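Here the structure comes first, spelled out in structure tokens, and everything after it is commentary.
Not measured: the values here are computed from a predicted model.
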Amino acid sequence: MLSATARPNARVVSLLQQQATMATLKEIQMRLKSITNIGKITKSMKMIASTKMTRAQRAMDAARINGTAATALLKHAGTQPAEGPNGAFIAVSSDRGLCGGIHSSITKNIKRTVAKDGPAELVVLGDKCRNQLAREFRNNVRLTYSQLGKTVPSFLEASLIADAVLADKDLAALKTAIVYNKFMTVISYESTQMPVVSAEALKASPKLAAYETEGEVLKELHHFLFATSLHWAMNEGHASEFSARRGAMDNATKNAGEMVDRLTLLYNRQRQASITNDLVDIITGASAL
């Protein structure tokens, strides 16, 4: 039996333990509520990404048809790309994140090629790749574009970008490749380089005379083929981005659910321990009387 002097100390210790347990339970409860809300947000973002991915796939299919037709035209005309390493790259990304490493894959593709073939000029579409490439190639970035990826890329946007690139004579004279994420399936994509045919290579096509394209018509054809390729790459990247975002949000929702389960179990254990301690204190106090 506890002595009279020991009883107050025991009550103080018990009170302190109860306060610590209550603080721990409150912290767990707040964290549990926070992660539950995060799970609801990521689930909503997954549903939105799924809806937008379907719309992006339809636009990608239409752009892919145009791009395939342009490729068939160049193949039939016997157009050969220029020899040697690429002198310029057009990186196709967007301004938005929360989609895994889809933007990093484009940056890594360009870095590998530059490390192998030497420095190149850069045209960057989207803030994500611009921020990544500017760390090492700030002096090589010639043109940048932002506010991309919010809606389905249009042919007008691709045409304006193509006109700006071709208006720079030093940039237009370089062998250029478009670096983009090619949509494979709803769960996979692949960083790909699409070569851009120069005006000189198009003019030197052996079978181009069959299409009766000369002078200004040939120049407009080159602009159209460049814009078509860029529009194709932008739509492929747009669909890949929503596919990656859907997968990222799905994983985030699953992780939030697992954390909620673990915290719920921990909360129940702490609560049960607190109730047990209270019962022990009641029994101890009753037996001390």
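- By the 4.0 Å N-to-carboxylate-O rule, Lys128 lies too far from Asp95 to be salt-bridged with it.
- Nearest heavy-atom pair, Thr192 versus Asn109, reported as atom, atom and distance to 0.1 Å: N-ND2, 4.2 Å.
- Taking a 4.5 Å side-chain heavy-atom cut-off between Ile, Leu, Val, Met, Phe, Trp and Tyr, the cluster of Ile102 extends to Tyr189.
- Cluster note: Ile65 groups with no other residue, as no ILVMFWY side-chain heavy atom lies under 4.5 Å from it.
- In this structure, Thr79 contributes its side chain and Lys75 its backbone to no donor-acceptor pair below 3.5 Å.
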### Task
Evaluate side chain to side chain donor-acceptor pair (under 3.5 Å) for Ser104 paired with Thr107, printing each intermediate quantity in order.
CA-CA 5 Å; Ser104 300; Thr107 304; 5.8 Å; no
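- A 4.5 Å side-chain heavy-atom check between Leu25 and Gln29 finds every atom pair outside the cut-off.
- Other residues sharing a hydrophobic cluster with Val179 under the 4.5 Å side-chain heavy-atom criterion for ILVMFWY residues are Phe89, Ile106, Ile110, Val114, Leu122, Val124, Leu133, Phe137, Val141.
- Here the closest heavy-atom approach between residue Ser93 and residue Gly126 is recorded as OG-CA, 3.7 Å.
- Among residue pairs with one or both ends in residues 227-239, those qualifying as side chain to side chain donor-acceptor pair (under 3.5 Å) are Arg64-Glu236, His231-Asn235, Trp232-Glu236; sequence neighbours excluded.
- Under a hydrophobic clustering in which Ile, Leu, Val, Met, Phe, Trp and Tyr are joined whenever their side-chain heavy atoms come within less than 4.5 Å, directly or via other members, Ile38 and Val260 fall into different clusters.
- At a threshold of 4.5 Å between non-hydrogen side-chain atoms, the residues Ile178 and Val196 count as touching.
- Taking 4.0 Å as the cut-off between side-chain N and carboxylate O, Asp127 and Arg130 count as a salt-bridged pair.
- Residues near Ile48 contribute nothing to a hydrophobic cluster around it, because no ILVMFWY side-chain heavy atom sits closer than 4.5 Å to its side chain.
- Taken to the nearest 0.5 Å, the CE atom of Met259 stands 11.5 Å off from the CG atom of Leu266.
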### Chi angles and distances behind the side chain to side chain contact (heavy atoms under 4.5 Å, CB included) call for Asn86, Thr176
CA-CA 6 Å; Asn86 291 309; Thr176 306; over 6 Å; no
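- When side chains are defined from C-beta on, Val123 counts as touching Tyr145, because their heavy atoms get closer than 4.5 Å.
- Counted within 6.0 Å of NZ on Lys182, heavy atoms from surrounding residues, nucleotides or ligands total 12 or fewer; the atom is thus considered open.
- Between Asn140 and Glu121, the closest heavy-atom pair is O-OE1, 3.4 Å.
- A salt bridge links Lys111 with Glu136: the distance from a Lys NZ or Arg NE/NH1/NH2 to an Asp or Glu carboxylate oxygen falls below 4.0 Å.
- When each of Arg246, Arg245, Met249, Met45 is checked for a side-chain contact (heavy atoms from CB on, under 4.5 Å) with Ser50, only Arg246 meets the rule.
- The minimum heavy-atom distance between Leu263 and Ile28, with the atom names listed, is O-CG2, 3.8 Å.
- Between His103 atom NE2 and Asn131 atom CG the span is 10.5 Å, to the nearest 0.5 Å.
- Rounding to the nearest 0.5 angstrom, the gap separating the OG1 atom in Thr68 from the CG atom in Leu73 is 12.5 Å.
- Atoms CG and OG1, from Leu225 and Thr71 in turn, are 9.0 Å apart once rounded to the nearest 0.5 Å.
- Sorted by first and then second residue, the ring pair (Phe, Tyr, Trp, His ring centres under 6.0 Å) pairs involving residues 245-269 (not counting sequence neighbours) form an empty list.
- A donor-acceptor pair is defined here as one N or O able to donate and one able to accept, closer than 3.5 Å; such a pair exists between the side chain of Thr276 and the backbone of Gln272.
- For the residue pair Ala164 and Leu143, the shortest heavy atom distance occurs at O-CD1, 4.1 Å.
- Rounding to the nearest 0.5 angstrom, the gap separating the OH atom in Tyr180 from the CE atom in Met194 is 3.5 Å.
- In terms of heavy-atom proximity, Lys207 sits nearest to His76 at CD-O, 3.2 Å.
- Between Gln270 and Thr24, the side chains place no donor N or O within less than 3.5 Å of an acceptor N or O (distance only, hydrogens not considered).
- Atom CG of Leu265 has more than 12 neighbouring heavy atoms from other residues, nucleotides or ligands inside a 6.0 Å radius.
- In the displayed structure, Arg142 atom CZ is contacted under 6.0 Å by more than 12 heavy atoms of other residues, nucleotides or ligands.
- The closest side-chain donor-acceptor pair between Ser243 and Ser240, if any, does not fall under 3.5 angstrom.
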